[in-house]
Asks: 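Below are the structure tokens for one structure; questions will follow.
Quantities reported herein were computed from a predicted structural model and do not represent experimental measurements.
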Amino acid sequence: MADDVLYTVEAGVPQNPIEDLLRMDRIPHIWCPGCGIGSTVNCFIRGLQASGLDLDKVAVVSGIGCTGRVAGYLKLDSFHTTHGRAIPFATGLKLANPELKVVVYSGDGDLIAIGGNHFIHAARRNMDMTVILINNMIYGMTGGQVAPTTPISATASTMPHGNYEPAFNLPHLAESCGAVYVARWTTFHVRHIIKSVKEALLKKGFSFIEIFASCPTLYSRRNKLGDGLDQMIYFQENSEIKNGADTKSVGVDFQGKIIVGKFVDIERPVYHEAMYGHLKEKYGEEYMPSDEIKEFISGQNGD
Amino acid sequence: MADTVVKKARGAVVIIDERCKGCGFCIEFCPTKCLEFSSQYNSKGYHPPILARKDDCTGCNICGTVCPDFAIYGFMKKKE
Amino acid sequence: MQDESGVLTGAHFIDGDHACSEGAIAAGCRFVAGYPITPSTEVVERIAERFPFVGGVFIQMEDEIASSIAIQGAVWAGKKAMTVTSGPGFSLMMEHIGYAAMTETPCVFVNVQRAGPSTGLPTMPAQGDMMQARWGSHGDYGIIALCPNSPQECFDFTIKAFNLAEQFRVPVMLMMDECVGHMIERVVIPPPNEIKVFKRRYYRGKKKDFLPFKPEKDLVPPMIKAGDGYRFHVTGLTHDEKGYPSMTVGTQAKLVTRLSDKLKVNEDKIIEYREDGVESAELIVITYGITSRTAIPAIEQARKEGMKIGHLRLITAWPFPAKRIHELASKVKAFVVPELNLGQMVYEVERHAGSGVKVEPVSHAGGTVHDPKEIYTAIHRLMKG
């Protein structure tokens, strides 16, 4: 592999631990200079490593777009699916084998515009998965078109006169649909992201982390906001950590204040457990769950 | 120029020049401001960072965590 | 109570939709995702009823798009899976038929056809989705489509659909129609040991040598599943044998050609048709699905009148038995192709018959089946005219 000769570390110097979970034969990645997606991947891997999960049992599912490429860089069982459909694919994976820890990693346009229907229903069902949504407030890969997360007045290639469509407040959307864990950070908050990823991965049910990330090429440049670093500095200077904030109050205006933190952490019956519990109660020994569900549930109960 | 007061080195970084895309995140967010852009170019034409003030590096790995290109990471040096 | 296999051995009086559900259970399908749409809904209703007692998971998704990709997630987690729909839902599933073809995900799409376009004639039959089944998703790929004409065949061909999907790692369509779906007939379900079920072809070699999309001799790569430590990657992008995206002219040519060729080189193992009296025939009626039944009175009437009429019934509409049609074209003076559409498979017949033989469609816009007289009239005109 080309990467073997790219650099060597001196004796006694540790390797970068995240490289264990990257497909190093595919690095460098395709993301632009100053794009924040790579930073989130960096933090995700650290959070995943901190979670102590069996990495052979972790599957990552992405949709399409810049963030949709994440699955292809992670050295896990990884699926790059169709536009907007990462969540229903993940639903199939999870229900077929609940032992898998399923992570959906995709962008705002993918998960909320074309995939919005799946997002709200997976949250409603409390499908056991962790959804990591990278919000760069724009369609990156296709060339800077308006997204359902583009703030009012920002310019996009399909909103050349400035955006007049209201944006979604995603933590509020996730909470109202039933997500049991909702957090929001920006790429500036690297330590917080790592902690949140770990918590979300260990949380049963539909957990959701929104991470604001810079898109220097298509969002910042078009809006005359400088480069990726300028966007990071905006995140640094305009974010306010308010754990437990009412998600109704965390909408984001153009270059306005970003409320970040862990907003929701509640318990609700998880889909496959509710299914198992209901059918078991109703039919007793007659009910025949799949081997995977039976083993998983009995493993959890310590039987 | 290096500081006149020599601190005991506690950390260090590994920089993989060829992966760097010159975003400057590591330099900006380094808590001890010990990184700088190199005057050298990598083969893609970006200036990667260099550890300009070795003695200031604490090995906190903020650079390694914020780097979007997996091009730098910090580590604690073992005490000699 | 059935045993663990879930097979309801015995004689039943059920409709085609329910027979399809039983076929899926007998084939080892244990994951179904669907969305209600007439006239296919009875398939998923029976699945929902039966699955808790046979170790299956059914979920009614939020739409057909979700259903058609959820089943693929389940396949990659190790299940045999299908989704079930009718015309409008089938249209929504097209992208994921392409995804299944591109990622070589073995799965079954059941389409209980109703008349379209758009919402069309709910609960009334048609065969208007035959070309869509073959060509509906963008790009070049191959699929298999089977056409049952009775509840018994809905059972048998659902099993066959799963077997073909597993054998060749392609999406397989079961092209039912409202008539077959709602027709109630005797269905004999054999004991489990008499049902041939093709087990998934899992990779058995060394992990480190494994390339997820490296084909075996028959151009089909073996499967793996998530959770077994392979750390593999699956993408709908053009990919190399490692499964990594590789957007080059060369990779595209290699991959897409193989996806198409794997059905071509194996077509003798796939293509199936039934013939009746074709060797001595002067005219052959080519049918599939429900028209294979409505054509029979017309053929019998013509034969009674001394005409030499053959009947070729497509079991696999796709791949199409091109060679056989070409052979027969040199022996007969005409083909008659009745379809519950304004002419779809008839184009395929024309294409392979060549110019020396007359090819006559007997079109019907759908909503009901042909009056056999319409088919008889076409036969009569060509034989006597």
Asks: For the residue pair Lys94(A) and Phe206(A), would you count it as a cation-pi contact if the rule is NZ or CZ under 6.0 angstrom from the ring centre and within 45 degrees of the ring axis?
Replies: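 Here Lys94(A) fails the 6.0 Å and 45° test against Phe206(A).
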Asks: Go through Leu76(A), Leu95(A), Ile293(A) and name the one with the most non-hydrogen pairs under 4.5 angstrom from chain C.
Replies: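 Heavy-atom pairs under 4.5 Å are most numerous for Leu76(A).
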Asks: Arg69(A), Glu99(A), His272(A): which one forms the most heavy-atom pairs within less than 4.5 Å of chain C?
Replies: Arg69(A)
Asks: Top residue by heavy-atom pair count (under 4.5 Å) with chain C, among His83(A), Arg23(A), Arg85(A)?
Replies: Arg23(A)
Asks: Is the number of heavy atoms from other residues, nucleotides or ligands within 6.0 Å of CD (Glu49(C)) greater than 12?
Replies: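 Open: at most 12 neighbouring heavy atoms sit under 6.0 Å from CD of Glu49(C).
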Asks: Using the rule side-chain contact (heavy atoms from CB on, under 4.5 Å), only one of Ile25(C), Ile189(C), Leu8(C) pairs with Phe155(C); which is it?
Replies: Ile189(C)
Asks: Which one, Gly243(C), Gly98(C), Ala226(C), Ala81(C), leads in non-hydrogen pairs under 4.5 Å with chain A?
Replies: Ala226(C)
Asks: If you take the centroid of each ring, where Trp contributes its six-membered ring, are Tyr105(A) and Phe79(A) closer together than 6.0 Å?
Replies: no
Asks: Between Leu74(A), Asn117(A), Leu279(A), which has the largest tally of heavy atom pairs under 4.5 Å with chain C?
Replies: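 Answer, by heavy-atom pair count under 4.5 Å with chain C: Asn117(A).
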Asks: Look at the rings of Phe210(C) and Tyr203(C) and say which category their plane angle falls in: under 30° parallel, 30 to 60° tilted, over 60° perpendicular.
Replies: tilted
Asks: Contact part of Ala90(A) toward chain C, heavy-atom cut-off under 4.5 Å: side chain, backbone, both or neither?
Replies: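 Neither the backbone nor the side chain of Ala90(A) comes within 4.5 Å of chain C.
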Asks: Checking the side chain of Lys75(A) only, and the main-chain atoms of Arg231(C) only, is there a donor and an acceptor separated by less than 3.5 Å?
Replies: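 No: the side chain of Lys75(A) does not pair with the backbone of Arg231(C).
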Asks: Which one, Asp291(A), Ile87(A), Thr81(A), leads in non-hydrogen pairs under 4.5 Å with chain C?
Replies: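 So the answer, after comparing Asp291(A), Ile87(A), Thr81(A), is Thr81(A).
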Asks: Find the one option among Ser68(C), Ala66(C), Gly78(C) whose heavy-atom pairs under 4.5 Å with chain A are most numerous.
Replies: Ala66(C)
Asks: Of the backbone (N, CA, C, O) and the side chain (C-beta and beyond), which part of Leu21(A) lies under 4.5 Å from a heavy atom of chain C, both, or neither?
Replies: side chain
Asks: Taking everything shown except Lys198(A) itself, do over 12 heavy atoms lie less than 6.0 Å from its NZ?
Replies: no
Asks: Specify whether Tyr99(C) and His96(C) have parallel, tilted or perpendicular ring planes, treating 30° as the upper limit for parallel and 60° as the lower limit for perpendicular.
Replies: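 The rings of Tyr99(C) and His96(C) stand perpendicular, inter-plane angle above 60°.
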Asks: Can you say whether Phe31(C) sits under 4.5 Å from chain A via the side chain, the backbone, both, or neither, judging by heavy atoms?
Replies: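 Phe31(C) touches chain A through side-chain heavy atoms alone.
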Asks: With a 4.5 angstrom heavy-atom cut-off, could you sort out which part of Ala33(C) is near chain A: side chain, backbone, both or neither?
Replies: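 For Ala33(C), no heavy atom lies under 4.5 Å from chain A.
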Asks: Name the option with the most non-hydrogen atom pairs under 4.5 Å to chain A; the candidates are Leu237(C), Ile224(C), Asp228(C).
Replies: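 Looking at each option in turn, the highest pair count goes to Leu237(C).
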Asks: Any ion pair linking Glu104(C) and Arg258(C) (charged N to carboxylate O, less than 4.0 Å)?
Replies: yes
Asks: Using a cut-off of under 4.5 Å on heavy-atom pairs, state which of Arg124(A), His121(A), Lys294(A), Glu292(A) scores highest against chain C.
Replies: His121(A)
